[in-house]
J.: 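I have a structure here, written as C-alpha cells, and I will follow up with some questions on it.
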Amino acid sequence: MLTDGGQSPSAVAREVADFVNDARTTLDLALYDVRIETGAASLVLAALLAAYQRGVAVRLLYNVDHPGPIPVPPPPETVPDALEALPLPTLGVPGVPDLMHHKYAVRDGQVVWTGSTNWTDDSWSRQENVIVRVDAPALAHAYALDFEELWDGGNVAAAGRVEPRPVNVDGASVRPWFCPAYGEELSHRIAKRIGAATRRIRIASPVLTSGPILGTLVEVVREKRCDVAGVIDDTQVDEVFGQWRTNGVSAWKIPLLHAVLTEAPFAGKQTTPWSPESVHDFMHAKVVVADDVVFVGSFNLSRSGERNAEDVLEIRDARTADRLAAFVDEVRNRYPPATPPT
C-alpha cells in the first residue's frame, strides 16, 4: 500500500523489477499508464529487456488515445513511440470511447500483480495506491483469459467476458471481476455488499459516481446502519460536480453525492489539477471494505468504470479487510474533510 511521499519511486521500481526478474516462461502486462523509459522506472525497463533476452515470452498491452476531457481517470503519461521501439511484442489498445484501464501483470501462468497502481514514478511516490500480489494458478488463468481477449482483438467493448468464479487462496475466497462485460454486475455487487454491511464500510476512490453504489451508500449513511467513512480526491470530485451540472443527464446524482460527503466522515485530498507537466499527486486508491469483504483493483466507483476494461478482486477474508480498512483510515486521517461544492 502506497501513500503520497511514503516511499521513493526507486523502492517501488525495485519491487516491480524483482517481480519481473522472477519470470521464467511468460509475462503478460496490461498497463493503462506506463512510463518506464525515464527516472526510477528505467529499472523496470532493464528487467523487462533482460527477461525478453533470456527467452521469457513478454507481451505488453497499453492504452492509447484517451478520450478526454473527462475528470477521471486522468490521461496516461505513456509515450507510445517509446514502447513500440522495444524489441518485445506490444499492442496499443484504443481508449476511445472507453479505456483499457488495467494495471496488471501475469507471470508464468501462476502469479498475478494487480491493484490501482500505474507504472510511473508519480504513481509510485506521490499517489495513494494499492498493489495486490496473488500466487494462485486458477486466478492467473482468469487474468490470462482476459489478457488474450484484449491481445487478440484490441477492442475494449468486447473484453472482460471472463466469468467471475471464486478461487480459494490460502482459505480466502477471491473472485476476479472484469469489465466491461461484468461492469454493471460489479457495481450492483459492490452496492449489495455495502447495503448488507452491519459493522463497517470503508471507501477510498478518486470519485463516487456509480448510481447503484451512490444510491445504496446514501441509504446506509442516512439510516446510520453502521460505521461509514472514506476518502476521495477533492479536486476530481469538484470537476465531476461541474460536469454533472452541465451534461443534462446526471444532475440527479448531485444531492446524493453531496449527502454522502457531508453526512459521513469523508476526507478529501486537494490534488494538483492534471496537466502534462504537473505533478500527478492524485488520491488514486480504489478500495471498498464492507465488513469482512474487500473490493480492490483498477475500478473507480464510477459509471465510466463499468464501460472500461477494468479488473477487481472481491476478497472474503477478515485479515485482508482489517488491513485495507486501516489503510483507508490512515489515508483519510491525513487530509481535511471533503468539501463538495454547495
Side-chain angles (χ1 to χ4, degrees), residues 28-33 59-67 70 72-73 76 91-106 109 112-116 118 130 132 134 136-167 169 173-194 205-216 286-288 290 293-316:
D28 289 331
L29 312 171
L31 303 172
Y32 171 69
D33 194 359
R59 296 184 293 178
L60 171 60
L61 287 167
Y62 62 94
N63 182 85
V64 291
D65 300 321
H66 186 283
I70 59 174
V72 62
L91 178 66
V93 178
V96 178
D98 302 304
L99 306 176
M100 198 294 292
H101 197 233
H102 294 300
K103 303 99 170 54
Y104 71 69
V106 184
V112 174
W113 170 300
T114 188
S116 64
N118 290 305
V130 176
V132 182
V134 185
L139 186 67
H141 178 68
Y143 273 83
L145 292 175
D146 180 73
F147 185 91
E148 292 299 339
E149 285 184 348
L150 286 164
W151 187 263
D152 291 343
N155 181 5
V156 166
R161 296 171 296 180
V162 181
E163 187 174 342
R165 297 178 178 176
V167 175
V169 181
S173 173
V174 181
R175 186 187 302 266
W177 291 86
F178 298 97
C179 305
Y182 289 92
E184 292 186 0
E185 288 89 340
L186 174 60
S187 284
H188 284 278
R189 179 84 167 190
I190 295 172
K192 182 178 180 179
R193 295 302 170 204
I194 289 173
S205 181
V207 296
L208 281 168
T209 67
S210 165
I213 295 171
L214 195 53
T216 303
K286 301 114 172 36
V287 177
V288 174
V293 178
V294 170
F295 295 87
V296 60
S298 69
F299 181 74
N300 295 308
L301 302 181
S302 66
R303 175 61 174 155
S304 61
E306 297 172 2
R307 299 168 175 150
N308 295 336
E310 309 270 8
D311 64 286
V312 170
L313 295 179
E314 177 188 347
I315 305 171
R316 289 173 167 267

J.: Any sub-3.5 Å donor-acceptor pair from Tyr104's side-chain atoms to Ser298's backbone N or O?
T.: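 No; judged by distance alone, with no hydrogens or angles, the pair does not exist.
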J.: Leu60 versus Leu31: any side-chain heavy-atom pair under 4.5 Å?
T.: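 Answer yes - side chains close enough.
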J.: Take His102 and Asp146, measure what side chain to side chain contact (heavy atoms under 4.5 Å, CB included) needs, and give me the verdict at the end.
T.: CA-CA 10 Å; His102 294 300; Asp146 180 73; 3.3 Å; yes
J.: Counting distance only, does the side-chain N/O of Asn308 pair as donor-acceptor with the main-chain N or O of Leu99 below 3.5 Å?
T.: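 Side chain of Asn308 to backbone of Leu99, a donor-acceptor pair under 3.5 Å: yes, one is there.
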J.: Assess whether a salt bridge exists between Glu185 and Lys192, defined as any Lys/Arg side-chain N lying under 4.0 Å from an Asp/Glu carboxylate O.
T.: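 The answer is no: the pair does not qualify as a salt bridge.
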J.: Compare every heavy atom of Val169 with every heavy atom of Ala136, then report the nearest pair and how far apart it is.
T.: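 Looking at all heavy atoms of both residues, the closest pair is CB-CG2, 3.9 Å.
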J.: What distance separates Glu306 CD from Asn300 CG, expressed to the nearest 0.5 Å?
T.: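 Answer rounded to 0.5 Å: 11.5 Å.
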J.: Could you report the tightest heavy-atom contact between Asp311 and Thr114, atom names first, then the distance?
T.: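 The pair with the smallest heavy-atom distance is OD2-OG1, 2.5 Å.
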J.: So, for Gly154 and Val93, which heavy atoms are closest and what is the spacing to 0.1 Å?
T.: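 What the structure gives for the nearest pair is O-CG1, 3.8 Å.
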J.: Quick one, Met100 and Pro94 - any side-chain contact, counting heavy atoms below 4.5 Å?
T.: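 The answer is no, as the side chains (C-beta and beyond) never meet within the 4.5 Å cut-off.
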J.: Tell me whether Ser205 contacts the main-chain N or O of Leu208 through its side chain, where contact means a donor paired with an acceptor under 3.5 Å.
T.: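 No; zero donor-acceptor contacts below 3.5 Å.
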J.: Any side-chain heavy atom of Ser116 sitting closer than 4.5 Å to one from Val130?
T.: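 They are in contact (side-chain heavy atoms under 4.5 Å apart), so the answer is yes.
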J.: Taking NZ, NE, NH1 and NH2 as the nitrogens, is one of them in Arg307 or Glu184 under 4.0 Å from a carboxylate oxygen of the other?
T.: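 No.
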J.: I need the minimum non-hydrogen distance between Leu29 and Phe147, along with the two atoms involved.
T.: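 Scanning both residues completely, I find the closest heavy atoms to be O-CE1, 3.3 Å.
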J.: Looking only at heavy atoms, what is the nearest atom pair of Pro176 and Tyr143, with distance?
T.: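 Smallest heavy-atom distance, with atoms named: CB-CE1, 4.2 Å.
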J.: Side chains of Tyr182 and Glu163: does their closest heavy-atom pair fall under 4.5 Å?
T.: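 With C-beta onward as the side chain, the pair touches.
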J.: Using modelled atom types only, decide if a donor and an acceptor are shared between the side chain of His188 and the backbone of Pro212 within a distance under 3.5 Å.
T.: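 No, His188 side chain to Pro212 backbone: no donor-acceptor pair under 3.5 Å.
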J.: Does the side chain of Cys179 reach to within under 4.5 Å of the side chain of Leu186, using non-hydrogen atoms?
T.: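 Yes, at least one pair of side-chain atoms sits under 4.5 Å.
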J.: So do the side chains of Glu149 and Phe178 get within less than 4.5 Å of each other, counting heavy atoms only?
T.: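 No, every pair of side-chain atoms sits at 4.5 Å or beyond.
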J.: Are Leu301 and Phe299 close enough that some pair of their side-chain heavy atoms sits under 4.5 Å apart?
T.: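 Leu301 reaches Phe299 side chain to side chain.
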J.: Starting at CZ of Arg175, measure out to CZ of Arg189 and round the result to the nearest 0.5 Å.
T.: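 The CZ atom of Arg175 sits 4.5 Å away from the CZ atom of Arg189.
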J.: Would you say that Val112 contacts Leu313 through its side chain, given a criterion of any heavy-atom pair below 4.5 Å between the two side chains?
T.: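 No; the side chains remain at least 4.5 Å from each other.
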J.: First locate atom CD1 of Ile213, then atom CZ of Arg193, and finally report the distance between them rounded to the nearest 0.5 Å.
T.: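 Reported value, rounded in 0.5 Å steps: 13.0 Å.
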